[in-house]
Amino acid sequence: MIYLDHAATTPVKPEVLEAMLPYFTEHYGNPSSIYKVAQRNKKAIDDARAVVAGHLGAQPNEIFFTSGGTEADNWAIKGMAEALKEKGNHIITTNIEHHAVLHPCQYLEKNGFEVTYLEVDPDGLVSAEQVEAAIRPETILITIMYANNEIGTIMPIAEIGAVAKKHGIVFHTDAVQAVGHLPIDVHAQNIDLLSLSGHKFYGPKGTGALYVRRGLKLPPLLHGGGQERNRRAGTENVPGIVGLAKALDLACQDMEAKNAKIKALRDYLIDGIKARIPYCRLNGHREKRLPNNVNFSFEFIEGESLLLLLDMEGIAASSGSACTSGSLDPSHVLLALGLPHEQAHGSVRFTLGENNTREEMDVVLAKLPAFVERLRSMSPLYEEFVRQNS
Ligand SMILES: Cc1ncc(COP(=O)(O)O)c(C=O)c1O
Ligand code: FES
């Protein structure tokens with residue numbers, strides 16, 4: 001199999017699994033218990049907290065472990081709305097956020113809040129000026145993703161953070177696609193809250209964390225026991241937390257060199273597709289882009305059909321459109337770029353990982369043009385287009 005869907009999830013690295021295993025078996029004690037064997041697990045969690053904090057430029061007591069990116073996003077957004085509802089009811093976000101941000105915002109709209117969904121430009125960017133222009137006296141929260149999961153566009157986070165700081169507004173970023181892949185410094189970038197997810201950087205699924213700047217009063221999302229200093233109830237997922245920290249540590253080692261390698265493969269694939277396949281469009285910003293993201297719209301075809309053909313050859317990729325996600329609309333992200341419905345439907349995303357090779361890119365480049373050609377030959381739209389242009 002050629003796995004090109006690392007934005008969906010990544011395999012757990014062997015070293016990560018190895019670090020986790022003892023916490024399923026020998027070290028099974030509940031970290032809240034007072035005997036020694038359990039206290040060892042409390043220490044493992046605190047060590048993991050320090051590791052995660054270190055890689056974000058945060059303090060350990062600013063890190064709270066969660067069940068993943070979705071919980072971290074929900075907690076940050078609903079929690080700040082609850083905490084600041086006396087102060088105001090307006091939230092600023094973008095129209096290309098992950099549903100883990102959009103749906104909490106829509107939920108809040110049903111409960112008396114107002115949300116501005118900033119429109120991105122054709123590359124998927126919002127500017128700090130756009131954010132500033134949307135600020136109202138009653139704005140309490142800005143939540144803007146660090147990097148987009150479908151098209152890979154990286155937002156100007158430090159500039160947006162500076163605007164938020166200037167106006168004294170809390171700034172949350174969904175950094176699920178960025179942590180472990182891009183260098184992050186929450187202080188330099190004026191980030192107040194940041195969501196991350198373990199399974200996007202070779203850690204276990206169902207693990208994540210929320211960074212909460214010290215002094216910020218964020219009420220709990222989950223009520224119950226006193227874990228995570230009374231902020232996130234529930235017996236800690238000790239193996240998961242240990243695995244997340246180990247994975248982040250590994251991901252941040254030689255990040256620049258690994259990114260240079262992945263970027264070279266990415267650009268090889270992008271240039272190769274452009275050279276071989278007519279009527280295609282690269283979605284997302286050409287430079288301000290995650291090192292591993294390739295997203296193309298191929299006119300006159302359905303992304304899903306292409307995915308099926310690729311799958312038959314053992315190539316795993318994904319599309320932003322909807323058949324895969326069970327709804328009928330194409331990707332809200334691609335539509336937000338201004339793509340017509342047909343082009344949004346004809347999109348395929350390849351997201352590379354540390355173990356992909358140039359040979360694998362060559363396999364994709366060898367198969368893809370014929371697949372696109374085959375699907376186009378069955379398309380009445382393409383037939384019509386060719387007739388009109390010949
Ligand atoms: C940008 C973004 N936010 C949030 C999430 C949700 O993270 P998790 O799968 O850990 O709940 C994802 C993962 O699909 C994502 O890509
Ligand atoms: S037919 Fe596939 S998303 Fe519409």
Side-chain angles (χ1 to χ4, degrees), residues 3-12 16 52 63-78 93-107 117 120 124-126 143-155 157 160 172-182 184 191 193-211 221-222 232 234 237 240-241 243-245 247-248 251 283-285 288-295 316-322 324-327 331-334 336 349-353:
Y3 185 72
L4 296 173
D5 204 12
H6 292 82
T9 196
T10 54
V12 169
V16 172
V52 173
I63 303 298
F64 298 87
F65 291 110
T66 67
S67 65
T70 301
E71 184 190 329
D73 285 340
N74 270 265
W75 185 13
I77 294 166
K78 294 180 196 163
T93 185
T94 78
N95 59 358
I96 64 164
E97 299 296 310
H98 192 272
H99 287 133
V101 166
L102 288 179
H103 289 169
C105 285
Q106 287 160 8
Y107 165 81
Y117 300 91
V120 296
L125 281 171
V126 288
T143 171
I144 293 182
M145 69 198 323
Y146 204 114
N148 183 269
N149 46 302
E150 287 187 35
I151 55 172
T153 297
I154 301 171
M155 296 292 192
I157 290 300
I160 295 168
H172 165 249
T173 185
D174 172 347
V176 165
Q177 292 289 339
V179 171
H181 302 281
L182 299 174
I184 293 175
I191 297 166
L193 299 140
L194 177 147
S195 307
L196 63 91
S197 172
H199 74 103
K200 306 292 185 178
F201 47 81
Y202 306 90
K205 295 169 184 56
T207 67
L210 182 66
Y211 151 79
L221 181 69
L222 300 183
R232 198 278 185 182
N237 174 4
I241 289 169
L244 178 144
L248 185 56
N283 296 313
H285 197 280
K288 294 172 191 165
R289 176 180 205 98
L290 286 170
N292 75 338
N293 177 291
V294 177
N295 185 315
S318 82
S319 89
S321 42
T324 40
S325 59
S327 81
S331 148
H332 67 285
V333 176
L334 297 175
R349 178 187 73 179
F350 302 98
T351 44
L352 283 53

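Note that ligands are numbered from 1 as they come in the structure, with each ligand's atoms numbered from 1 the same way.
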Check: Quick check: does Gly68 get an N/O under 3.5 Å from an N/O on ligand 1?
Finding: no
Notebook entry, point to check: Between the side chain of Glu150 and the main-chain N/O of Leu334, is any donor-acceptor distance below 3.5 Å?
Noted result: no
Next item on the list: Return the residue, atom name and 0.1 Å-rounded distance of the protein heavy atom closest to atom 15 (C) of ligand 1.
Entry: His98 CD2, 3.3 Å
Checklist line | Whether His99 lies under 4.0 Å from ligand 1, heavy atom | finding: no
Check: What protein heavy atom sits nearest atom 6 (C) of ligand 1, and how far off is it?
Finding: Thr70 OG1, 3.5 Å
Note to self: Does atom NZ (Lys288) have a neighbourhood of more than 12 heavy atoms from anything else shown, all under 6.0 Å?
What the structure shows: no
Notebook entry, point to check: For ligand 1, is any non-hydrogen atom under 4.0 Å from His199's backbone (N, CA, C, O), its side chain (CB onward), both, or neither?
Noted result: side chain
Next item on the list: Considering heavy atoms of the protein only, find what lies nearest to atom 8 (P) of ligand 1 and give residue, atom and distance to 0.1 Å.
Entry: Gly69 N, 3.5 Å
Item checked: Nearest protein heavy atom with distance in Å, relative to atom 16 (O) of ligand 1 -> Gln177 NE2, 2.8 Å
Notebook entry, point to check: Counting from 1, what ligand 1 atoms have a heavy atom of Asn149 closer than 4.0 Å?
Noted result: 1 (C), 16 (O)
Notebook entry, point to check: Is the backbone N or O of Ala8 less than 3.5 Å from a side-chain atom of Lys200, with the two atoms forming a donor-acceptor pair by type?
Noted result: yes
Checklist line | Main-chain N/O of Ala7 paired with Thr351 side-chain donor or acceptor, under 3.5 Å | finding: yes
Item checked: Sub-3.5 Å N/O-N/O distance, Thr207 and ligand 1 -> no
Next item on the list: Taking Asn148 for its side chain and Ile96 for its backbone only, find out whether a donor-acceptor pair lies under 3.5 Å.
Entry: yes
Checklist line | Nearest-contact summary for atom 10 (O) of ligand 1 - protein heavy atom, Å | finding: Ser197 OG, 2.6 Å
Next item on the list: Spell out, as yes or no, whether a donor-acceptor pair under 3.5 Å connects the side chain of His6 to the backbone of Gly353.
Entry: yes
Next item on the list: Decide yes or no for Leu196 and Phe201: does some side-chain heavy atom of the first lie under 4.5 Å from some side-chain heavy atom of the second?
Entry: yes
Checklist line | Closest heavy-atom pair and its distance - Gly180, Ala251 | finding: O-CB, 3.5 Å
Item checked: atom 14 (O) of ligand 1: the protein heavy-atom neighbour that sits closest, reported with distance to 0.1 Å -> Lys200 NZ, 2.8 Å
Check: Which residue and non-hydrogen atom of the protein lie closest to atom 4 (C) of ligand 1, and at what distance in Å?
Finding: Asp174 OD2, 3.5 Å
Note to self: Among Asn293, Asn295, Asp5, exactly one meets side chain to side chain donor-acceptor pair (under 3.5 Å) together with Arg349. Which residue is that?
What the structure shows: Asp5
Notebook entry, point to check: With a cut-off of 4.0 Å, which atoms of ligand 1 are near a heavy atom of Asp73?
Noted result: 3 (N), 4 (C)
